[in-house]
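Read the structure below first, then the notes.
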Amino acid sequence: LVDLRVGNRLDLDTVIDVYVDSTLGERRPVDDRRRMGAMLANANLVVSAWDGDEMVGIARSISDFAFATYLSDLAVRRAYQGQGIGRRLIDRTQREGGAAKIVLLAAPASVGYYPHVGLERHDSAWLLPPGRRLETDG
Ligand SMILES: CC(C)(COP(=O)(O)OP(=O)(O)OC[C@H]1O[C@@H](n2cnc3c(N)ncnc32)[C@H](O)[C@@H]1OP(=O)(O)O)[C@@H](O)C(=O)NCCC(=O)NCCS
């Protein structure tokens, strides 16, 4: 039986291990411990899933708890995938965010997942990667 906890006071190495084991680690800076530490410390809405004392999943978000929750990372350990844990992590993230809408970008491995669990596609999401300069008219 897997239970959920809210809060970011989690062991960083365990969190990194969940990212790696889920495969999301391929797309996150898991080898940069300082950056991962900042990602965890500065996230203000983190839901984790636990099988006893083993962390088996995580949803890491930034929320204003009023309008928008950015769900940056959703990861479930491989051995625990397909049991509804991802769905529960999103559901709890939504509840904790109050009236905020959840916004996220799907990793390639999960593009089919989000429509399957009921998220709505948005065809006008826009990114500005770090270091990319804005276009100017000068
Ligand atoms: C994507 C992920 C978080 C889903 O978590 P999960 O606990 O395995 O998913 P759930 O058990 O809640 O799945 C619910 C449903 O979605 C389906 N599903 C799961 N992964 C899917 C996928 N990649 N594509 C399509 N459908 C998927 C399940 O079969 C299940 O269907 P059902 O309810 O009809 O039986 C998890 O598989 C994962 O960590 N993947 C790798 C990391 C990743 O890509 N994360 C997303 C980053 S944005």
Side-chain angles (χ1 to χ4, degrees):
L1 199 109
V2 169
D3 61 335
L4 303 184
R5 298 180 198 166
V6 179
N8 64 349
R9 293 174 61 168
L10 302 168
D11 177 66
L12 179 58
D13 293 307
T14 306
V15 169
I16 291 171
D17 192 54
V18 171
Y19 277 57
V20 171
D21 191 14
S22 76
T23 74
L24 181 64
E26 294 164 16
R27 312 187 60 82
R28 294 297 182 273
V30 287
D31 295 327
D32 187 340
R33 218 173 163 277
R34 272 183 59 170
R35 201 166 176 207
M36 290 294 293
M39 287 161 63
L40 181 61
N42 296 323
N44 66 353
L45 176 50
V46 175
V47 183
S48 51
W50 294 80
D51 181 4
D53 56 12
E54 186 188 11
M55 193 195 302
V56 298
I58 188 167
R60 190 187 70 86
S61 302
I62 294 134
S63 184
D64 55 26
F65 302 99
F67 188 74
T69 295
Y70 174 56
L71 174 48
S72 174
D73 306 333
L74 180 70
V76 174
R77 283 191 188 276
R78 254 173 288 191
Y80 287 82
Q81 291 177 7
Q83 301 176 23
I85 296 169
R87 191 184 253 133
R88 285 178 61 201
L89 286 167
I90 299 171
D91 177 70
R92 184 62 179 270
T93 297
Q94 181 186 38
R95 288 169 196 276
E96 295 290 328
K101 72 161 80 81
I102 290 183
V103 180
L104 65 82
L105 300 169
S110 62
V111 285
Y113 175 70
Y114 295 109
H116 186 83
V117 297
L119 276 79
E120 195 177 294
R121 184 185 190 93
H122 196 292
D123 64 7
S124 188
W126 302 90
L127 308 180
L128 185 65
R132 168 87 52 90
R133 304 295 304 272
L134 289 176
E135 303 284 335
T136 58
D137 49 10

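Whatever order the structure lists them in is the order used to number ligands and atoms, beginning at 1. Sequence positions, counted from 1, serve as the residue numbers for this chain.
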Given that the side chain starts at C-beta and the backbone is N, CA, C, O, which of these parts of His116 lies under 4.0 Å from ligand 1, counting heavy atoms, or is it both or neither? side chain
Are Leu74 and Leu104 close enough that some pair of their side-chain heavy atoms sits under 4.5 Å apart? no
Answer yes or no for atom 25 (C) of ligand 1: protein heavy atom present at a distance under 4.0 Å? yes
To atom 43 (C) of ligand 1, the nearest of Val56, Val111, Leu74 on a heavy-atom basis is Leu74
Judged by atom type as modelled, is there a donor-acceptor pair below 3.5 Å linking the side chain of Ser22 to the main-chain atoms of Leu24? yes
Around atom CZ of Phe67, are there more than 12 heavy atoms of other residues, nucleotides or ligands at under 6.0 Å? no
Considering only the protein, which heavy-atom contact is closest to atom 33 (O) of ligand 1, and what is its distance? Arg87 NH1, 3.0 Å
With the threshold set strictly below 4.0 angstrom, can you tell me whether any protein non-hydrogen atom sits that near atom 39 (O) of ligand 1? yes
protein heavy-atom neighbour closest to atom 41 (C) of ligand 1 works out as Ser22 O, 3.1 Å
Among Leu71, Leu24, Ile90, closest by heavy atom to atom 42 (C) of ligand 1 is Leu24
Below 4.0 angstrom from a heavy atom of Thr23, which ligand 1 atoms are there? Numbered from 1 as shown, please. 41 (C)
Drop me the distance from Gln81's CD to Tyr113's OH, to the nearest 0.5 angstrom. 9.5 Å
To which protein heavy atom is atom 22 (C) of ligand 1 closest, and what is the distance rounded to 0.1 Å? Tyr113 CB, 3.7 Å
Per-atom filter on ligand 1: closer than 4.0 angstrom to a heavy atom of Tyr114 are 46 (C), 47 (C), 48 (S)
Just one of Asp3, Val56, Leu4 clears the side chain to side chain contact (heavy atoms under 4.5 Å, CB included) bar with Trp50, so which one? Asp3
Quick test: of every protein heavy atom, which one is nearest to atom 11 (O) of ligand 1, and how far off is it to 0.1 Å? Gly84 N, 2.5 Å
Is it the case that atom CZ in Arg35 sees more than 12 heavy atoms from other parts of the structure closer than 6.0 Å? no
Let me see the working for Leu10 and Ser48 under side-chain contact (heavy atoms from CB on, under 4.5 Å), right down to the final yes or no. CA-CA 9 Å; Leu10 302 168; Ser48 51; 3.9 Å; yes
Quick one: CD1 on Ile62 to CG on Leu71, what's the gap to the nearest 0.5 Å? 10.0 Å
Between Arg88, Arg5, Arg92, which is the residue that forms a side chain to side chain contact (heavy atoms under 4.5 Å, CB included) with Val47? Arg92
Select the closest option to atom 7 (O) of ligand 1 among Gly118, Gly82, Gly86, judged by heavy-atom distance. Gly86
Does the protein place any heavy atom closer than 4.0 Å to atom 48 (S) of ligand 1? yes
Nearest non-hydrogen protein atom to atom 23 (N) of ligand 1, with distance, is Ala109 O, 3.0 Å
May I ask you to identify, for Leu89, whether its side chain, its backbone, both or neither come under 4.0 Å of ligand 1 on a heavy-atom basis? neither
What are the atoms of ligand 1, with element, lying closer than 4.0 Å to any heavy atom of Ala75? 39 (O)
If the cut-off is 4.0 Å to any non-hydrogen atom of Ile85, which atoms of ligand 1 fall inside it? 7 (O), 11 (O), 12 (O)
Quick check against the 3.5 Å criterion: does Asn42 have a side-chain atom that pairs as donor or acceptor with the backbone of Ala38? yes
Side chain, backbone, both or neither: Tyr19 near ligand 1, heavy atoms under 4.0 Å: neither
Suppose I only count heavy atoms of Leu105 and a 4.0 Å limit; which atoms of ligand 1 are within that range? 48 (S)
Arg27 atom CZ, over 12 foreign heavy atoms within 6.0 Å: no
Judged by atom type as modelled, is there a donor-acceptor pair below 3.5 Å linking the side chain of Arg28 to the main-chain atoms of Ile16? no
Does ligand 1 have a heavy atom under 4.0 Å from the side chain of Gln83, from its backbone, from both, or from neither? backbone
